[in-house]
2 protein chains.
Amino acid sequence: MKYNYSDIPEITVRRLSVYFHILKCLKDNNVEFISSKQLASLAHTNAVSVRKDFSYFGEFGKKHIGYNVNYLMKSIMKILNISKKNSYIIVGYGNLGTAISFFPGFKDENFFLKGIFDIKEEIIGKEPIEGVKVMHIDELNDFVKENRIKFAILSTPMNVAQVVSEKLAKAGIKGILNMTGRHIRVPEKTLVFDINIVTGLEWLSYFISKKGDKK
Amino acid sequence: MKYNYSDIPEITVRRLSVYFHILKCLKDNNVEFISSKQLASLAHTNAVSVRKDFSYFGEFGKKHIGYNVNYLMKSIMKILNISKKNSYIIVGYGNLGTAISFFPGFKDENFFLKGIFDIKEEIIGKEPIEGVKVMHIDELNDFVKENRIKFAILSTPMNVAQVVSEKLAKAGIKGILNMTGRHIRVPEKTLVFDINIVTGLEWLSYFISKKGDKK
DNA sequence: ATAATAATGTGATTTAAATAGCATAAGGAG
DNA sequence: CTCCTTATGCTATTTAAATCACATTATTAT
Ligand SMILES: NC(=O)c1ccc[n+]([C@@H]2O[C@H](COP(=O)([O-])OP(=O)(O)OC[C@H]3O[C@@H](n4cnc5c(N)ncnc54)[C@H](O)[C@@H]3O)[C@@H](O)[C@H]2O)c1
Ligand SMILES: NC(=O)c1ccc[n+]([C@@H]2O[C@H](COP(=O)([O-])OP(=O)(O)OC[C@H]3O[C@@H](n4cnc5c(N)ncnc54)[C@H](O)[C@@H]3O)[C@@H](O)[C@H]2O)c1
């Protein structure tokens with residue numbers, strides 16, 4: 001069956017990403033085939049959901065056999081548009097920005113760090129990662145345009161999140177991964193994905209406290 | 001109207017946390033009252049959703065006026081069970097763990113860091129934050145039990161995520177904030193909240209690539 | 001004092017997502 | 001070669017979430 005882009009549940013896209021990370025791990029352990037049931041159990045969901053999620057994009061499995069891990073990974077990479085190299089920058093090079101810059105996991109998914117931006121004079125010009133320089137935020141606009149950067153990880157302090165994200169949008173950044181915990185408003189053409197660590201603790205807190213009073 | 005715990009949509013709990021962070025910011029700017037419409041616009045949702053979310057827990061607003069920012073914050077804190085002090089630990093004190101330990105934002109939400117665990121001999125015994133020591137993972141069990149720690153932020157390497165989370169569950173940790181990107185399996189009594197930065201970039205990648213082929 | 005306005009809170013309805021059920025295909029056992 | 005098992009993929013149904021529509025109330029303007 002053929003689906004439109006707009007028929008596809010947003011949550012399916014999230015799950016594809018989860019499946020992908022699980023498949024990476026399976027591949028490292030030389031697993032060649034996996035059933036929707038097994039994959040579901042690893043992804044904390046159920047087999048029907050797994051099959052349905054894939055069915056929006058095509059038929060990737062074989063009856064009686066399940067899914068070929070390698071082929072499924074490649075298919076998901078195509079769907080998520082991460083089969084080709086992508087470039088990203090980090091904006092705000094403090095504690096969190098630094099941690100992210102040293103994390104090797106982005107490369108496996110074809111995301112390559114191309115630049116770092118901050119305002120602290122003492123770090124500008126440094127090259128903390130080979131081939132990646134820290135630049136002043138004033139150089140952002142030209143750099144993004146010249147290098148056609150699509151993605152930015154925003155890890156500045158909260159109080160400048162809004163102004164900095166406006167600069168990002170203006171420079172032509174297509175997607176902002178917002179780590180600041182502050183909601184930002186940008187033109188519709190720029191997408192934002194929010195990650196908020198504190199929110200996670202609050203969610204846990206609620207469900208732990210409510211676990212007693214079931215039903 | 002009175003709702004049961006199980007009648008309340010999970011997504012509502014997530015949004016409460018989002019509202020709370022926005023309210024904190026409004027309070028800092030001396031805003032006293034806010035309408036569901038205004039709050040919705042700041043939270044990227046709509047006014048009815050905002051009101052419905054609150055209505056599961058009680059009536060917090062005044063007609064024609066809207067919500068008192070302070071009162072609403074206190075109410076949300078009660079709902080999320082963050083009005084009293086909570087203790088958490090960080091397990092895996094590498095780049096990310098360190099960044100998190102220095103982040104002051106948890107205190108505002110009544111989450112206090114009580115201990116740090118790792119296996120690197122050269123950092124064990126250090127006190128990177130006043131009053132918070134780095135301990136060996138072998139001391140985890142006793143420490144968690146003695147200090148009745150409820151929450152743990154897991155930031156070890158992926159390959160030990162499973163074994164370490166089993167230790168956490170065994171020690172009696174109630175909620176794990178899993179930063180590793182690897183899915184972990186723990187007994188049902190232990191809750192897990194996953195945060196995966198790479199997933200965020202993939203989500204952005206998908207929606208940016210699909211934006212052209214609308215409908 | 002009355003009308004107009006701006007807001008909340010909640011049943012009713014619509015839409016989206018999850019789940020169930022089943023037809024079908026691939027492989028293995030006998 | 002036929003039957004049994006296992007697993008996919010799709011349609012139908014159920015459940016959950018979002019939205020609509022409106023009754024209600026507090027405040028302001030006339
Ligand atoms: N840094 C990032 O931006 C980033 C992004 C996405 C995901 N992650 C994930 O977060 C986790 C931590 O990342 P990081 O960059 O801080 O890695 P890191 O290697 O800098 O830190 C890991 C720490 O865990 C410690 N450790 C190892 N085994 C342990 C054990 N058995 N018990 C306790 N501690 C142990 C190590 O000694 C080290 O200090 C990883 O799983 C990574 O995949 C990190
Ligand atoms: N560290 C965490 O664990 C954590 C957790 C949750 C949320 N956050 C959020 O992530 C963000 C970063 O946290 P952090 O701990 O790295 O903070 P940080 O203060 O260590 O780093 C912020 C960096 O941004 C730079 N900066 C300031 N203004 C700038 C501008 N206009 N343009 C570019 N860079 C600018 C600063 O010079 C600094 O290097 C914050 O918004 C924080 O709320 C962090």
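Just so we're on the same page: letters track the sequence lines, and every chain starts at 1. What you see below is based on every heavy atom in this structure, not just the backbone, and it leaves out hydrogens, waters and symmetry mates.
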Engineer: Is it true that the side chains of B:His21 and B:Glu109 contain a donor and an acceptor less than 3.5 Å apart?
Structural biologist: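 On atom types as modelled, these side chains qualify, holding a pair under 3.5 Å.
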
Engineer: Using a 6.0 Å cut-off, check whether atom NZ of B:Lys189 has over 12 heavy atoms from anything other than its own residue.
Structural biologist: yes

Engineer: Looking at A:Gln162, I want to see if its CD is surrounded by more than 12 non-hydrogen atoms of other residues, nucleotides or ligands under 6.0 Å.
Structural biologist: yes

Engineer: Count the heavy atoms of every other residue, nucleotide or ligand shown that sit under 6.0 Å from NZ of A:Lys145, and state whether that count exceeds 12.
Structural biologist: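 Correct, the count exceeds 12.
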
Engineer: Does either side chain, that of A:Arg185 or that of A:Ser165, offer a donor lying less than 3.5 Å from an acceptor on the other one?
Structural biologist: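 Absent: no donor and acceptor within the cut-off.
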
Engineer: Using a 6.0 Å cut-off, check whether atom NZ of A:Lys62 has over 12 heavy atoms from anything other than its own residue.
Structural biologist: no

Engineer: Near DNA chain D, under 4.0 Å by heavy atom, which residues of residues 7-40 of chain A?
Structural biologist: A:Ser35, A:Ser36

Engineer: Which parts of residues 51-67 of chain B get close to DNA chain D, meaning a heavy atom less than 4.0 angstrom away?
Structural biologist: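 Listed by number, they are B:Lys52, B:Lys63, B:His64, B:Ile65.
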
Engineer: B:Phe112 ring centre to B:Lys85 NZ or CZ under 6.0 Å, with the angle to the axis within 45°?
Structural biologist: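 Geometry flag: set, cation within 6.0 Å and 45°.
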
Engineer: OP1 or OP2 of D:dT19 versus the side-chain N and O atoms of B:Asn46: is any pair under 4.0 Å?
Structural biologist: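 Checking B:Asn46 against D:dT19: at least one side-chain N or O falls below 4.0 Å of OP1 or OP2.
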
Engineer: Nucleotide range of DNA chain C contacted by chain A, 5' to 3', under 4.0 Å to a heavy atom?
Structural biologist: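 So the contact region on DNA chain C extends C:dA17 to C:dG27.
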
Engineer: Given B:Tyr67, which of B:Tyr19, B:Phe33, B:Phe54 fulfils the ring-ring contact (aromatic ring centres under 6.0 Å, His included) condition?
Structural biologist: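 Exactly one candidate clears the test, B:Phe54.
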
